[in-house]
Amino acid sequence: NNATESVENTYSMSFDNNSEYVSSNLNSTLSPQTATWMGWFYFDDLSLPNGMIAQNNGYNTNGYYINTANPYGTYTSVYLSTPIGNTNQNAQTWTNENAITTNQWHHIAISLSDGIASIYVDGVYNVAGNNFDYATQYFNPGINSHYIEASTADFLIGIGTDFWGSVTQVMNGNIDNISVWDIALSAEEIQQYINCSPTGIEEGLIGYWNFEEGVNEGQVLDLSGNGN
């Protein structure tokens with residue numbers, strides 16, 4: 001991957017908890033067990049869940065979603081969720097409590113390798129656990145990893161989805177430099193892209209939005225060259 005040059009970044013996308021979000025067709029299909037999602041997030045309010053990224057026809061039917069959640073009583077943990085077959089349940093991996101805070105930019109990356117998710121917050125590995133053992137005990141089929149079922153849904157930035165695929169859990173804050181990859185980036189590569197944003201031509205990059213269209217533009221462009 002080429003991380004020696006970056007695109008100058010001036011703007012970010014603001015979400016004010018008023019059902020605003022970005023939608024893309026994201027033409028390229030992810031491998032079921034290998035991917036990376038990455039971006040900068042600024043949370044104004046973590047008293048409720050914030051939808052960050054989602055692509056599914058219903059949160060426990062197919063695809064995946066990434067949001068803040070509250071296993072510890074707060075919404076300061078980051079979650080990756082993928083459905084488990086036809087059980088109406090999700091495989092989940094999550095960070096520690098207080099992995100994120102309000103009023104501060106955080107770089108959040110989730111690298112999925114052979115179905116195992118590594119979450120990095122500001123370049124630091126942060127995985128508190130997953131529910132694989134619980135799912136294996138109570139659901140059929142049992143699981144030992146994430147698996148992304150193919151989805152026909154749009155790729156959403158700044159919002160989540162409910163049981164039927166309708167939008168919910170709106171983001172309250174700002175988002176910048178969202179990228180989606182069909183490879184599992186290493187910790188070293190993630191750190192490189194924290195220091196120097198992608199250019200759009202990197203190997204494995206299938207979608208990249210840096211929101212540099214400006215305040216008067218109505219369209220967010222994919223800089224990966226894949227036309228999403």
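Note that the numbering runs from 1 along the sequence shown for the chain.
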Quick one: does [X]'s side chain get under 4.5 Å of [Y]'s, heavy atoms only?
X      : Y      : result
Ser77  : Tyr79  : yes
Met38  : His107 : yes
Phe132 : His146 : yes
Ser197 : Asn177 : yes
Val167 : Leu156 : yes
Ser145 : Gln33  : yes
Ser179 : Leu205 : yes

Would the distance check show the side chain of [X] and the main-chain N or O of [Y] forming a donor-acceptor pair, the cut-off being under 3.5 Å?
X      : Y      : answer
Asn60  : Asn88  : yes
Glu202 : Gly200 : yes
Asn126 : Val121 : no

So how far is it from [X] [atom1] to [Y] [atom2], rounded to the nearest 0.5 Å?
X      : Y      : atom1 : atom2 : value
Ile190 : Asn195 : CD1   : CG    : 12.0 Å
Asp44  : Thr102 : CG    : OG1   : 8.0 Å
Asn50  : Phe43  : CG    : CZ    : 5.5 Å
Asn130 : Ser81  : CG    : OG    : 11.5 Å
Tyr147 : Thr82  : OH    : OG1   : 11.0 Å
Met52  : Met171 : CE    : CE    : 7.0 Å

request  = For residues Trp181 and Tyr193, establish whether the separation of their ring centroids is below 6.0 Å.
outcome  = yes
Residues that [X] engages under side chain to side chain donor-acceptor pair (under 3.5 Å), provided they are two or more places apart:
X     : value
Thr36 : none
Thr95 : none
Thr68 : none

task = Quick one: list whatever passes ring-ring contact (aromatic ring centres under 6.0 Å, His included) with Tyr42, sequence neighbours left out.
result =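 Per chain and number, Tyr42 pairs via ring-ring contact (aromatic ring centres under 6.0 Å, His included) with Trp105.
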key: Partners meeting ring-ring contact (aromatic ring centres under 6.0 Å, His included) with Tyr64 (sequence neighbours left out)   =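 For Tyr64 the ring-ring contact (aromatic ring centres under 6.0 Å, His included) partners, ignoring immediate neighbours, are Trp37.
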Can you list, pair by pair, the side-chain donor-acceptor contacts under 3.5 Å of residues 108-120, counting residues two or more places apart and other chains?
unit_1	atom_1	unit_2	atom_2	d
Ser111	OG	Leu185	N	3.3
Ser111	OG	Leu185	O	2.8

With sequence neighbours excluded, what pairs up with [X] under the side chain to side chain contact (heavy atoms under 4.5 Å, CB included) test?
X      : answer
Thr101 : Gln104, His106
Thr74  : Thr76, Glu97
Thr34  : Ser31, Ala184
Ala128 : Tyr72, Trp94, Asn96

ask   = Is there a side chain to side chain contact (heavy atoms under 4.5 Å, CB included) between Val78 and Ile100 once you walk through the steps?
value = CA-CA 8 Å; Val78 176; Ile100 51 175; 4.1 Å; yes
ask   = Do Trp40 and Val124 sit in the same hydrophobic cluster, where Ile, Leu, Val, Met, Phe, Trp and Tyr count as joined when their side-chain heavy atoms come under 4.5 Å apart?
value =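 The answer is no; the residues belong to distinct hydrophobic clusters.
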ask   = Who else is in the cluster with Tyr65 when I, L, V, M, F, W and Y are joined by side-chain contacts under 4.5 Å?
value =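 Grouped by the 4.5 Å side-chain rule, Tyr59, Phe163, Trp164 form the rest of the cluster around Tyr65.
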Below 3.5 Å, can you tabulate the donor-acceptor pairs from side chains in residues 148-155 to any protein atom, sequence neighbours excluded?
unit_1	atom_1	unit_2	atom_2	d
Ser151	OG	Asn57	OD1	3.0
Ser151	OG	Asn62	OD1	3.3
Ser151	OG	Ala153	N	3.1
Thr152	OG1	Asn57	ND2	3.2
Asp154	OD2	Ser23	OG	3.1

